[in-house]
K.L.:
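Can you keep this structure in mind? I'll have questions shortly.
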Amino acid sequence: MRVAGVFHNLAFLLVGLVIFQPALLAALQWPEGKKIAISLSYDDALSSQLDNAVPALNQRGLKASFYIVPLSDAFKNRIQQWRQLAQQGHELGNHSLFHACHSGKPGREWVQPWNALDDRMVQAMVNEITLANTLLTSLDGKSTRTFTPPCFDQMAKDGNYVEAVKAQFIAVKSLEDPSFAALIAPNKISSAEIIEFIENQPVNIKLINVLFHGVGGDHLITTTEEHAKFLDYLLANKDKYWVDTYRNIMLAKKQQSQ
Ligand SMILES: [Zn+2]
């Protein structure tokens, strides 16, 4: 996966796993002959997403995936609104219960000592993510969803926990074939910069993940205005872009691989 943008104020690299044959990937078709699928995601269950991103998406009829951290104040205090999101056709995605990340990487001072992935056993992460799925199912009634590993970290104390949970999901963000998918995580950049990233992908890229955090507030912010301008761009180019939940996009891909 090609990566741009800044995540938790740190440029990061991902190594994608080749899980799909290149010939099949090249033959992939999206609905209505659209060239590129765009997965908009909003991570960490933030109030600014409910206040600013959701109205902008709904006004334009665009569907997105919201990767929930149930421990967040915005989840705890506004649970009915998250439930409503699912009823509106958005995806409630799994982002674990507690958002454990590696503590030792640069810029990770925010990782609390009780929540460091370095100290967590794989089975503890499996339990946590399984419970997060149950919690989300109790909200949206869905038996299928997708997962975004917090900080895209994979290694727990005794092994790779993402490998241990991936069978529970239709897809895991960051595990796509890098010849097929690209990702940008906007942080204080303009809509023009996001658009530039999208328009400069090689022709083999058929999925672009645009991974937002705060919209007009909270952390890793995109302003409400730039976010709206970007959505308008997607609408203006709807013949080319298929914007949908990550669940729906990856279901369409899966159906063609069978
Ligand atoms: Zn996160």
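Along the sequence shown, residues are numbered consecutively beginning with 1. Computed from heavy atoms alone, side chains included, the values below leave out hydrogens, waters and symmetry copies. We count ligands from 1, going down the list as the structure has it; atoms in each ligand are counted the same way.
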K.L.:
Taking only Lys NZ, Arg NE, NH1 and NH2, and the carboxylate oxygens of Asp or Glu, determine whether Lys76 and Asp73 approach each other closer than 4.0 Å.
P.N.:
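Answer for the salt bridge query: yes.
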
K.L.:
For His95, what is the atom name of its N, O or S atom nearest to the Zn ion (ligand 1)?
P.N.:
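The closest N, O or S atom of His95 to the Zn ion (ligand 1) is NE2.
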
K.L.:
Using 4.0 Å as the upper bound for N to carboxylate O, is an ion pair formed by Asp51 and Arg78?
P.N.:
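Between Asp51 and Arg78 there is a salt bridge, with a charged N closer than 4.0 Å to a carboxylate O.
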
K.L.:
Do the side chains of Arg120 and Asp158 get close enough for a salt bridge, i.e. N-O under 4.0 angstrom?
P.N.:
no

K.L.:
Do any of the N, O or S atoms of His99 sit under 2.8 Å from the Zn ion (ligand 1)?
P.N.:
yes

K.L.:
Kindly write out the residues that satisfy salt bridge (charged side-chain N to carboxylate O under 4.0 Å, His left out) with Asp140, not counting sequence neighbours, or none if the list is empty.
P.N.:
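By the salt bridge (charged side-chain N to carboxylate O under 4.0 Å, His left out) rule, Asp140 matches Arg145.
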
K.L.:
Is Asp44 close enough to the Zn ion (ligand 1) to have an N, O or S atom under 2.8 Å?
P.N.:
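True for Asp44.
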
